[in-house]
Amino acid sequence: MIKEYKSIKEVAGPLMLIDCVDGVKYDELGQIKLQNGETRLCKVLEVNENKALVQLFENASGINLEESKVRFLGKGLEFGVSKDILGRVFNGMGQPIDGKPNIIPDQKLDINGKPINPTARIFPSEFIQTGVSSIDGLNTLVIGQKLPIFSASGLPHAELAVQIARQSRVLKRDSKFAVVFAAIGIPFEDAQYFVDSLEETGAINRSVMFINLANDPAVERISTPRMALTAAEYLAYEEGMQVLVIMTDITNYAEALREISSARKEIPGRRAYPGYLYTDLATIYERAGKIKGKPGSVTMIPILTMPEDDKTHPIPDLTGYITEGQIILSRELYKKGCTPPVDVLLSLSRLKNEGIGEGKTREDHSGVLNQIFAAYSRGKDAKELMSILGESALSELDILYAKFADEFEEKFLSQGFETNRTIEETLNLGWDLLSKLPKNELKRVKDKYIEKYYKEI
């Protein structure tokens with residue numbers, strides 16, 4: 001028998017205090033019944049003796065302290081899953097918003113997931129092709145990896161997110177691939193752009209989308225990434241699919257966490273974010289991976305905008321500690337017209353060497369990658385020197401490297417958001433650029449690969 005309580009003591013913003021409760025547990029789902037018959041959801045944030053502090057999933061307007069009733073459902077927030085979730089669009093609470101019929105679930109899963117035993121994890125070692133040269137060629141994404149994109153206000157991270165969602169695939173022919181896309185706290189126009197872009201290309205058919213708008217309640221922003229990851233885990237571990245989860249924007253998620261923490265009057269940490277921000281982000285990021293005995297996997301690309309372009313801000317800073325690298329978008333490159341504006345010298349994929357080479361991408365990948373990094377870095381230095389001393393002060397070789405840097409940005413990095421390059425095309429393009437340097441400068445590539453791929457001009 002589910003008890004009903006008419007003992008609401010206080011409502012403060014998104015929080016509500018209920019007295020004289022019995023047997024209520026942390027994170028349990030509750031239902032508020034208003035005097036007009038309307039029902040709203042809440043979840044338990046804190047239990048102290050016979051008092052429960054709950055968080056409202058909707059606004060508090062219309063709640064009468066004396067007449068409204070609350071009952072607790074004995075379970076947490078769940079998402080109903082089946083193979084039919086592919087091609088569908090849901091809100092942050094897991095309810096369909098695409099005008100199609102409700103899903104008939106095979107099972108209902110707790111959105112907080114189950115912890116993965118560290119000894120059951122398989123080390124990531126398989127290549128995912130995104131079709132973006134700056135990622136595939138130089139900061140390779142590997143199945144089971146967590147590789148965030150650090151962006152900033154005004155940079156085209158939305159376009160890059162859609163491009164990756166549209167183009168990504170696993171090269172193994174027998175692998176089933178799916179994309180789970182979570183949009184967190186975004187404007188309606190951006191949400192419509194994501195949906196329309198995937199529908200136009202047919203990529204929606206292999207995708208599951210969760211859309212949380214900027215005017216939705218803060219608590220729904222907390223549940224959106226967990227809904228998405230629950231769908232991803234089902235497709236990966238129950239249906240055997242290789243799943244790529246793209247989440248944008250994690251900054252909006254952290255802001256919602258700060259808002260709720262402030263309403264609870266918790267002691268703030270750095271920049272007023274709660275002291276448990278690291279732990280909370282880890283509960284999201286660490287759900288990526290590949291598990292022994294399971295054919296599927298969950299790979300994650302969280303996207304976050306750095307406030308004031310500050311990489312030391314708590315959100316990117318803590319994200320960098322948990323994840324395996326970062327892709328950083330550059331405002332300077334974007335001003336030059338380079339799209340996507342990936343700063344490859346500041347970006348890093350810590351697992352890139354595990355997913356490249358013979359049998360995965362191509363035998364020469366590692367050497368090409370290292371040589372391009374070295375040549376571009378030297379070219380950038382030469383250009384800085386040229387801007388101070390003038391071209392006449394540079395050696396012929398330095399001028400050659402400066403030209404390499406310009407051509408690299410123009411031809412390799414700047415491919416637009418519609419071009420889908422295979423890894424073969426990316427590596428061949430890398431050789432086109434390296435072939436403009438003398439052979440004796442290619443010290444990071446094995447001689448046998450130089451003989452095979454170097455193009456005499």
Side-chain angles (χ1 to χ4, degrees), residues 9-17 26-27 42-48 51-61 77 92-93 111-112 146 148-155 157-158 182-187 190 210 212-229 247-287 300 302-323 326 328-329 331 346:
K9 289 297 179 185
E10 184 182 353
V11 177
L15 305 180
M16 187 168 71
L17 183 65
Y26 170 75
D27 216 31
C42 62
K43 79 169 182 177
V44 178
L45 288 182
E46 191 177 318
V47 180
N48 187 359
K51 293 181 174 62
L53 182 68
V54 304
Q55 182 176 344
L56 306 174
F57 282 102
E58 299 173 61
N59 62 57
S61 62
L77 195 57
M93 296 295 290
I111 67 167
N112 294 304
K146 310 174 285 288
I149 294 175
F150 290 1
S151 183
S153 177
L155 295 183
H157 48 270
I184 307 165
I186 62 171
D190 289 353
F210 292 84
N212 167 253
L213 298 178
N215 62 341
D216 288 332
V219 65
E220 189 175 312
R221 265 190 277 300
I222 304 300
S223 69
T224 303
R226 291 177 170 82
M227 286 282 178
L229 285 164
M247 298 188 291
T248 179
D249 182 343
I250 293 297
T251 299
N252 293 334
Y253 171 86
E255 294 288 351
L257 206 62
R258 180 167 66 174
E259 179 184 332
I260 292 164
S261 174
S262 177
R264 294 176 66 181
K265 297 180 173 59
E266 293 175 334
I267 297 173
R270 291 169 58 192
R271 307 265 185 113
Y273 290 96
Y276 50 82
L277 178 61
Y278 177 91
T279 307
D280 194 280
L281 289 174
T283 62
I284 294 175
Y285 297 147
E286 290 298 340
R287 290 173 73 172
M300 192 182 302
I303 299 173
L304 57 91
T305 51
M306 300 177 291
E308 300 174 0
D309 295 20
D310 182 10
K311 289 191 289 289
T312 66
H313 188 277
I315 304 170
D317 188 32
L318 297 179
T319 294
Y321 282 119
I322 303 167
T323 55
Q326 64 277 328
I328 296 181
L329 301 191
R331 198 175 293 280
L346 293 180

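With salt bridges taken as basic N to acidic carboxylate O contacts below 4.0 Å, one links E286 and K146. Here R271 does not pair with D317 in a salt bridge; the nearest charged N to carboxylate O distance is not below 4.0 Å. The residues R258 and D280 are annotated as not salt-bridged, no charged nitrogen and carboxylate oxygen being separated by less than 4.0 angstrom.
Rounded to the nearest 0.5 Å, atoms CG (L277) and OG (S261) are 9.5 Å apart. To the nearest 0.5 Å, atoms CZ (R221) and CG (L213) are separated by 9.0 Å. Within the model, atoms CD of E10 and CG of L53 stand 9.0 Å from one another, a figure rounded to the nearest 0.5 Å. Here T224 contributes atom OG1 and F210 contributes atom CZ; the two are 9.0 Å apart, rounded to the nearest 0.5 Å. The distance from atom CZ of F150 to atom CG of L329, rounded to the nearest 0.5 Å, is 11.0 Å. The OH atom of Y276 sits 11.0 Å away from the OG1 atom of T283 when rounded to the nearest 0.5 Å.
L45 is listed as a side-chain neighbour of I260, based on a closest heavy-atom distance under 4.5 Å. Within the 4.5 Å cutoff, no side-chain heavy atoms of T305 are placed close to those of S153. Residues Q55 and L15 meet the side-chain proximity criterion, which asks for heavy atoms closer than 4.5 Å. Between R264 and E46 the shortest side-chain heavy-atom distance falls below 4.5 Å. Looking at heavy atoms from C-beta onward, I315 lies out of side-chain contact with Y253 at the 4.5 angstrom threshold. A heavy-atom distance below 4.5 Å is found between the side chains of V44 and V54. Side-chain contact between T251 and H313 is absent, with no heavy-atom pair separated by less than 4.5 Å. Counting only heavy atoms from C-beta outward, the side chains of L56 and P217 never approach each other to under 4.5 Å.
Closest non-hydrogen pair, P187 versus A214, comes out as N-CB, 4.4 Å. Here the shortest heavy-atom pairing between P268 and A272 reads CB-CA, 3.7 Å. Closest approach of I111 to R287, counting heavy atoms only: O-NH1, 2.7 Å. Nearest heavy atom pair, residue P274 against residue E266, reads CB-OE1, 4.3 Å. Of all heavy-atom pairs between L257 and I222, the closest is CD1-CD1, 3.7 Å.
A side chain to side chain contact (heavy atoms under 4.5 Å, CB included) with L77 is found for one member of M227, K43, R226 and no other, namely M227.
Remark: Y321 OH is loosely packed, at most 12 non-hydrogen atoms of other residues, nucleotides or ligands lying under 6.0 Å away.
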From CA spacing to verdict: side-chain contact (heavy atoms from CB on, under 4.5 Å), L281, I250
CA-CA 9 Å; L281 289 174; I250 293 297; 4.0 Å; yes
Decide side-chain contact (heavy atoms from CB on, under 4.5 Å) for M247 and M300; before the verdict, give the C-alpha distance in whole Å, the side-chain angles of both, and the deciding distance to 0.1 Å.
CA-CA 8 Å; M247 298 188 291; M300 192 182 302; 3.5 Å; yes
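Side chain of T323 to backbone of T319: a donor-acceptor contact under 3.5 angstrom is found. Of the possible polar contacts, one joining the S223 side chain to the G92 backbone as a donor-acceptor pair under 3.5 Å is found.
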